[in-house]
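Scope of the values below: all heavy atoms of this structure, side chains included, with no hydrogens, waters or symmetry mates. Quick note on labels: first sequence line is chain A, next is B, and so on, each numbered from 1.
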Amino acid sequence: MVEHVKRTRISKVLESAKTDANVCVKGWVRSFRNDRFIALNDGSCLSNIQAVVDREKMPEGLLDKVTVGAALSVVGQIVESQGAGQKVEILVEKLEVLGIANTDDVKKTIISPKRHSIETLREQAHLRFRTNTFGAVFRVRHTLAYAIHQYFNKKGFYYLHTPIITGSDAEGAGEMFKVTNFDLKNIPHNEEGEIDFGQDFFGKETNLTVSGQLEAELGAMALGNVYTFGPTFRAENSNTSRHLSEFWMVEPEVAFNDLQDNMELGEDFLRYLIQYCLDNRQEDIQFLHDREVKEESQKPKNERNEMSLMDRLQFVAANEFIRLSYTDAINVLQNSKPYKKKKFKFPVEWGTDLQSEHERYLVEKEYKKPVIIFDYPASFKAFYMRQNDDGKTVAAMDVLFPGIGEIIGGSQREERLDILTKKCKDFNIPEEHVWWYLDTRKFGTAPHAGFGLGFERLVMFVTGMTNIKDVIPFPRYPKNAEF
RNA sequence: GCUUCUUUAGCUCAGCUGGUUAGAGCACCUGACUGUUAAUCAGGGGGUCCUUGGUUCGAGCCCAAGAAGGAGCGCCA
């Protein structure tokens with residue numbers, strides 16, 4: 001009869017806290033104290049459930065197999081706990097070891113119940129889901145992904161799947177990974193000695209996408225409001241805590257939106273997502289908050305965050321972002337203390353791109369809140385960004401977050417065929433590569449705008465993790481594609 | 001790609017001015033205890049001091065090259 005009890009997720013058992021019910025829970029042993037108390041976790045929530053066993057009533061030798069990391073199935077009564085650490089616990093009537101965890105092997109892994117550095121956990125990415133920190137991070141990651149779909153669905157956007165393999169290389173967004181099924185030891189060449197892509201799988205040179213934007217624009221010019229949410233690939237040799245070779249990007253694109261609408265969308269979107277996590281992932285965020293507080297207390301005072309994780313999230317959800325034109329940003333920087341004291345390494349003058357030290361100053365020192373910078377000089381922005389009436393700037397925008405840097409980059413798109421064609425020439429983009437993109441400017445062209453949100457950078461902000469490699473399950477970066 | 005820091009037990013780290021047998025905490029094992037909260041107490045096992053070469057009577061420590069990792073910068077989301 002006990003055998004037929006259906007499994008309940010631990011989060012449900014803890015939430016309902018209904019005593020005297022007979023339940024079955026299954027999970028992995030986090031600790032086994034005093035030969036009597038098993039802390040069991042099944043990933044449904046951060047908390048463990050305490051399973052209490054009576055050694056006398058258990059079959060000989062069974063409890064020897066209950067070691068940290070083992071998978072168990074447990075059936076018993078939910079009762080009020082006599083201990084202080086939890087409201088309810090399970091008095092075990094039946095215990096089955098589904099999978100043992102050999103202690104000699106476990107002690108070599110991060111499953112062993114002790115403190116590990118974040119780098120050691122990264123080396124064992126296949127096991128780090130078992131830790132409180134990464135359990136919390138990946139539950140938050142899921143919740144953000146869910147909230148993104150929910151937000152767009154509520155606002156009438158359609159989820160558009162843009163291609164991952166693309167023949168378009170005109171975006172100028174960065175180095176691309178090549179896609180081919182050539183035998184690499186025997187690549188066919190034509191008479192001029194060039195690689196003959198005509199013989200390749202797609203009959204042309206193809207790459208992994210660096211952005212779904214150009215294709216999303218095509219969708220927006222008929223469906224109105226669309227968004228993409230998919231993997232993106234950059235073959236840049238970037239060695240920083242906020243770049244990956246494979247990452248996930250969210251790209252909304254809206255017909256008839258101008259730059260103002262675009263900034264409003266970006267801000268409303270981010271604030272909604274953060275509020276959604278505060279409302280729905282309270283326990284995990286509280287844990288990540290406490291974890292950060294502990295870690296910060298080890299650091300010298302001047303290196304600590306001025307606001308705690310919880311404060312930062314609540315602050316961003318509740319307060320409007322600063323909006324500042326590029327020209328105004330240059331003025332603010334030129335009047336700043338570090339500029340006057342010559343503390344900036346890079347020059348601050350109209351026409352040069354803002355460096356991270358400048359962005360960090362504006363976001364972390366001057367305003368201490370997210371900043372949207374718009375109307376950048378055309379000289380260092382992409383060909384598709386809409387030229388402003390001054391002839392010098394384009395309707396671009398970057399949303400900058402404290403500790404993260406650029407979290408969103410976007411623009412109003414150039415909808416005027418003559419200007420866009422000229423831009424293609426200026427950027428050396430052959431029209432035959434983007435004929436389909438230019439076509440939308442011929443048949444009922446209309447103003448439209450969109451942006452790209454770096455999903456992992458958002459997860460970093462919400463979890464307080466400081467390295468992007470720790471907010472994606474299996475990070476890909478130069479010299480690393482393990483797992 | 002550039003700058004900089006790090007590499008000592010399974011993990012986190014200490015190791016003095018270059019000097020005999022390289023230490024601690026945690027984890028693991030054995031035993032005790034049996035309402036614990038990363039349980040506690042007693043005992044035990046565990047080392048290619050990142051690699052290669054050099055200096056020296058003698059190198060974990062000094063020098064050179066390389067490797068791996070972190071942080072920052074550039075590129076960007």
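With C73(B), A27(B), A71(B) as the choices, the nucleotide that has an atom nearest any side-chain atom of N239(A) turns out to be C73(B). Among the nucleotides G70(B), G35(B), C33(B), the one closest to the side chain of L91(A) is G35(B). Looking at the side chain of D353(A), the nearest of the listed nucleotides G70(B), C11(B), C76(B) is C76(B). For E406(A), counting side-chain heavy atoms from C-beta on, the closest listed nucleotide (A77(B), C29(B), U12(B)) is A77(B). Looking at the side chain of Q82(A), the nearest of the listed nucleotides C75(B), A27(B), G35(B) is G35(B). The side chain of P113(A) has C28(B) as its nearest neighbour among U36(B), G72(B), C28(B). Side-chain atoms of R33(A) lie closest to A38(B) of the nucleotides A38(B), C28(B), C76(B). Closest approach to the N467(A) side chain among C28(B), G35(B), G70(B) is made by G70(B) (side chain taken as heavy atoms from C-beta onward). Picking from C33(B), G69(B), G35(B) the nucleotide with the shortest atom distance to the side chain of S81(A) gives G35(B).
Between Y339(A) and F344(A), the angle of the ring planes lies from 30° to 60°, which puts this pair in the tilted group. By the 30° and 60° cut-offs, the orientation of the rings of Y151(A) relative to Y272(A) is tilted.
Put simply, NZ on K114(A) is 12 Å from P on A9(B), counting in whole angstrom units. Spacing between atom CD1 of I111(A) and atom P of A27(B) amounts to 16 Å, rounded to whole angstrom units. Distance, H358(A) NE2 to C73(B) P: 12 Å, rounded to whole Å. Atom CZ in F346(A) sits about 11 Å away from atom C1' in C2(B), given to the nearest Å. Atom CD1 of I148(A) is separated from atom P of A77(B) by 16 Å (rounded to the nearest Å).
At the phosphate of C28(B), neither OP1 nor OP2 sits under 4.0 Å from any side-chain N or O atom of T103(A). S117(A) has no side-chain polar atom (N or O) that falls below the 4.0 Å cut-off from OP1 or OP2 of C11(B). Contact check, Q355(A) against G74(B): a side-chain N or O comes under 4.0 Å of OP1 or OP2. Side-chain N/O atoms of N34(A) include none lying less than 4.0 angstrom from OP1 or OP2 on G35(B). Taking side-chain N and O atoms only, S31(A) has no distance below 4.0 Å to OP1 or OP2 of U36(B). The shortest distance between the side-chain N/O atoms of S238(A) and the OP1/OP2 oxygens of G1(B) is not below 4.0 Å. Side-chain N/O atoms of S112(A) include none lying less than 4.0 angstrom from OP1 or OP2 on C11(B). The shortest distance between the side-chain N/O atoms of K469(A) and the OP1/OP2 oxygens of G70(B) is below 4.0 Å.
At least one cation-pi condition fails for K423(A) and Y384(A): the charged atom is not both under 6.0 angstrom from the six-membered ring centre and inside a 45 degree cone around its axis.
Of the residues listed (Y146(A), F269(A), Y158(A), Y159(A)), the one engaging F152(A) in a ring pair (Phe, Tyr, Trp, His ring centres under 6.0 Å) is F269(A), and it is the only one. For the side chain to side chain donor-acceptor pair (under 3.5 Å) with T393(A), the qualifying choice from T327(A), D375(A), N388(A) is N388(A), the only one to do so.
A stacked arrangement is assigned to F247(A) and the six-membered base ring of A77(B), with a centre-to-centre distance below 5.5 Å and an interplanar angle below 30°.
Between R312(A) and E292(A) there is a salt bridge, since at least one side-chain N of the basic residue sits less than 4.0 Å from a carboxylate O of the acidic one.
Across all strands shown, E359(A) has no heavy atoms under 4.0 Å from either base or sugar-phosphate atoms. T240(A) comes within 4.0 angstrom of a base, heavy atoms only.
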